[in-house]
Amino acid sequence: MESLYVIEPGCYLRREGAVLNICKGKAVVDRIPADGLKRLMLVGYVSLTGGVLDFLINRRVETVFITATGRFRARLGGDVHRHVQLRRAQYLTLSGVGGPPVAAGIVSGKLENMARFLISRGRRYDDEALRIASARIRAIRHICDEGTSDLDRLRGLEGAGTRIYYGAFGGLIKNPDFRFTGRNKRPPLDPVNAMLSFVYTLLTNEVLSAVKAVGLDPYLGALHEISYGRPSLACDLVEEYRCLLGDRMVLGLVNRKMLSPGDFIYRKNPPDTFVDERDMKEKRPVEMKPPIMRTFIASYEEMMAREIYYPPDDCRTAYRQLIHRQAARFAEHLLEEGKPYKPFIMDH
């Protein structure tokens, strides 16, 4: 097993030879072979014994802690990547005149993927509203392609396109048991938004791993402003995957009726603000029940292992490796003058 998710609250991991035991209280609830493990995702309040921690560090197992609501908490990492030349090029480019063109390319790619997704579904469903929304987003994308050095204007264009996209998103849901009336988060207020937030977090962590693997600093991006603790570059580069991977997966689960509203826990009259993550966990308006979260994660892993044709390298590659290839191309863009970065655009 390459990837392991531990989602049971209150569990702890204990190593026993070549096996990781997932324990709760004095009971062992699952036993996972440790050999071959590359990725460990700990959801909610899960703890590790010293032996497991030592194993994860020695084997360089990518270990990420996220909250039960899908928010990133921490990552177990080794030393900083030694590629100083790359990080120097990143700081010089993204902090200087090279930043706005990179940001414009990221926004353009995101909007093009949104437009293609909506026009594809618009044709499938014979939905004029989806086709019109696609055309409006593409018009905004053309403005980005004309070039601008004004980052605030680019962010405004990205925001305008995103509002159009989520304004049409409800038309993509073909399961009468679910509705989408707008994007909301922190906390999400309905099942669809809860699933979108969770899959976006998983994808951002995939990108974060990829940019760190090639030696980039994940905290300096081009589109997202610097904010203490925010991996701005990962937030930038995940934009091209949101609707391609995240939205398609959530819509697939909903429209194929692989889950129902009864698979979620609802709380009435949630507060507007929360003291901390524990408070949010106890009072958040909606959350997935553990069985459906397992289904959700299984679908995510199946999606990330699925192969697709990757034109730049003329090969087929899994989505997870596609993200790593794109991070490598972003690094090449920084090191090789005149080599632009092109977000991945999928043929829907």
Side-chain angles (χ1 to χ4, degrees), residues 62 64 72 74-75 77-114 140-162 200-201 203-246 310 312-313 321-345:
E62 179 191 352
V64 179
F72 173 79
R75 175 183 300 269
D79 198 3
V80 176
H81 198 287
R82 299 177 182 178
H83 204 333
V84 177
Q85 184 183 9
L86 174 58
R87 287 198 295 281
R88 181 174 181 273
Q90 177 186 356
Y91 301 146
L92 291 173
T93 301
L94 301 188
S95 299
V97 296
V102 171
I106 289 169
V107 174
S108 177
K110 172 182 180 176
L111 296 180
E112 178 62 20
N113 277 330
M114 286 177 167
I140 295 173
R141 197 216 78 189
H142 289 321
I143 299 174
C144 295
D145 291 344
E146 291 171 358
T148 176
S149 59
D150 188 337
L151 281 174
D152 287 337
R153 183 164 185 256
L154 273 173
R155 291 169 184 140
L157 292 169
E158 186 266 343
T162 300
Y200 292 162
T201 298
L203 288 171
T204 302
N205 276 290
E206 299 279 357
V207 177
L208 186 56
S209 298
V211 299
K212 287 171 69 73
V214 299
L216 290 161
D217 182 340
Y219 295 97
L220 177 64
L223 177 63
H224 288 79
E225 291 180 296
I226 295 174
S227 178
Y228 185 81
R230 178 169 66 188
S232 296
L233 182 59
C235 292
D236 286 357
L237 298 183
V238 79
E239 297 291 357
E240 61 197 88
Y241 308 113
R242 286 184 187 270
C243 78
L244 287 181
L245 299 178
Y310 186 62
D313 292 341
Q321 292 307 312
L322 180 148
I323 291 174
H324 281 259
R325 289 175 186 270
Q326 283 290 95
R329 290 197 169 272
F330 189 82
E332 290 172 3
H333 153 72
L334 296 173
L335 291 172
E336 300 177 26
E337 188 174 354
K339 187 167 187 174
Y341 175 70
K342 296 181 179 178
F344 184 74
I345 306 297

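The first residue of the sequence shown is numbered 1, and numbering continues consecutively from there. Worth knowing before you read on, the calculation uses all heavy atoms, side chains too, and leaves out hydrogens, waters and symmetry mates.
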Q. To the nearest 0.5 Å, how far apart are CG in Leu244 and CG in Leu322?
A. 9.0 Å
Q: Scan residues 214-223 for pairs that pass side-chain hydrogen bond (donor to acceptor under 3.5 Å, both in side chains), counting only residues two or more places apart or in two chains.
A: Tyr91-Asp217
**Q.** Interatomic distance, Arg141 atom CZ to Glu158 atom CD [nearest 0.5 angstrom]
**A.** 15.0 Å
Q | Any donor-acceptor N/O pair, Thr93 side chain to Ala89 backbone, under 3.5 Å | A | yes
Q.
Could you measure the distance from the CG atom of Leu223 to the CG atom of Leu237? Nearest 0.5 Å is fine.
A. 10.0 Å
Q) CZ/Arg325 to CG/Asp313 distance, rounded to the nearest 0.5 angstrom? A) 4.5 Å
Q.
Test: side-chain hydrogen bond (donor to acceptor under 3.5 Å, both in side chains). Region: residues 222-233. Which pairs qualify, not counting sequence neighbours?
A. His224-Asp236
Q) Do the side chain of Glu239 and the main chain of Ile106 share a donor and acceptor less than 3.5 angstrom apart? A) no
Result block: side-chain N/O donor-acceptor pairs under 3.5 angstrom for residues 334-341, not counting sequence neighbours:
unit_1 : atom_1 : unit_2 : atom_2 : d
Lys339 : NZ     : Glu332 : OE1    : 3.0
Tyr341 : OH     : Glu240 : OE1    : 2.8
Tyr341 : OH     : Glu240 : OE2    : 3.3
Tyr341 : OH     : Gln326 : NE2    : 3.2

Q: Begin with the C-alpha distance, continue with both residues' side-chain angles, and end with the deciding distance and a verdict on side chain to side chain contact (heavy atoms under 4.5 Å, CB included) for Asn205 and Arg75.
A: CA-CA 9 Å; Asn205 276 290; Arg75 175 183 300 269; 2.9 Å; yes
Q: Measure across Pro231 and Leu208 and return the closest heavy-atom pair with its distance rounded to 0.1 Å.
A: CB-CD1, 3.8 Å
Q: Search all heavy atoms of Val214 against all heavy atoms of Ala327 and return the closest pair with its distance.
A: CG2-O, 4.0 Å
Q. Once you round to the nearest 0.5 Å, how far does CD1 of Ile345 lie from OG of Ser108?
A. 7.0 Å
Q) Do Met114 and Thr162 have side-chain heavy atoms sitting under 4.5 Å apart? A) yes
Q. Nearest heavy-atom pair of Gly98 and Pro101: which atoms, and what distance?
A. O-CD, 3.3 Å
Q: For Leu111 and Leu157, work out which heavy atoms get closest and say how close.
A: CD1-O, 4.5 Å
Q. Taking atom types as modelled and ignoring hydrogens, do the side chains of Asn113 and Arg242 form a donor-acceptor contact shorter than 3.5 angstrom?
A. no
Q: Go through the steps to decide whether Arg155 and Leu151 satisfy the test side chain to side chain contact (heavy atoms under 4.5 Å, CB included), and finish with yes or no.
A: CA-CA 6 Å; Arg155 291 169 184 140; Leu151 281 174; 4.0 Å; yes
Q. What do the steps show when you test Arg329 against His333 for side chain to side chain contact (heavy atoms under 4.5 Å, CB included), and what is the final call?
A. CA-CA 6 Å; Arg329 290 197 169 272; His333 153 72; over 6 Å; no
Q: List the atom of Cys144, the atom of Leu154, and the distance in Å for their closest heavy-atom pair.
A: SG-CD2, 4.1 Å
Q: Would you sort out whether Leu233 and Phe330 count as a side chain to side chain contact (heavy atoms under 4.5 Å, CB included), showing the intermediate values?
A: CA-CA 10 Å; Leu233 182 59; Phe330 189 82; 3.7 Å; yes
Q. Roughly how far, to the nearest 0.5 Å, is the CD1 atom of Ile140 from the CG atom of Asp145?
A. 12.0 Å
Q | Heavy-atom closest pair, residues Gln90 and Leu220 | A | NE2-O, 2.8 Å
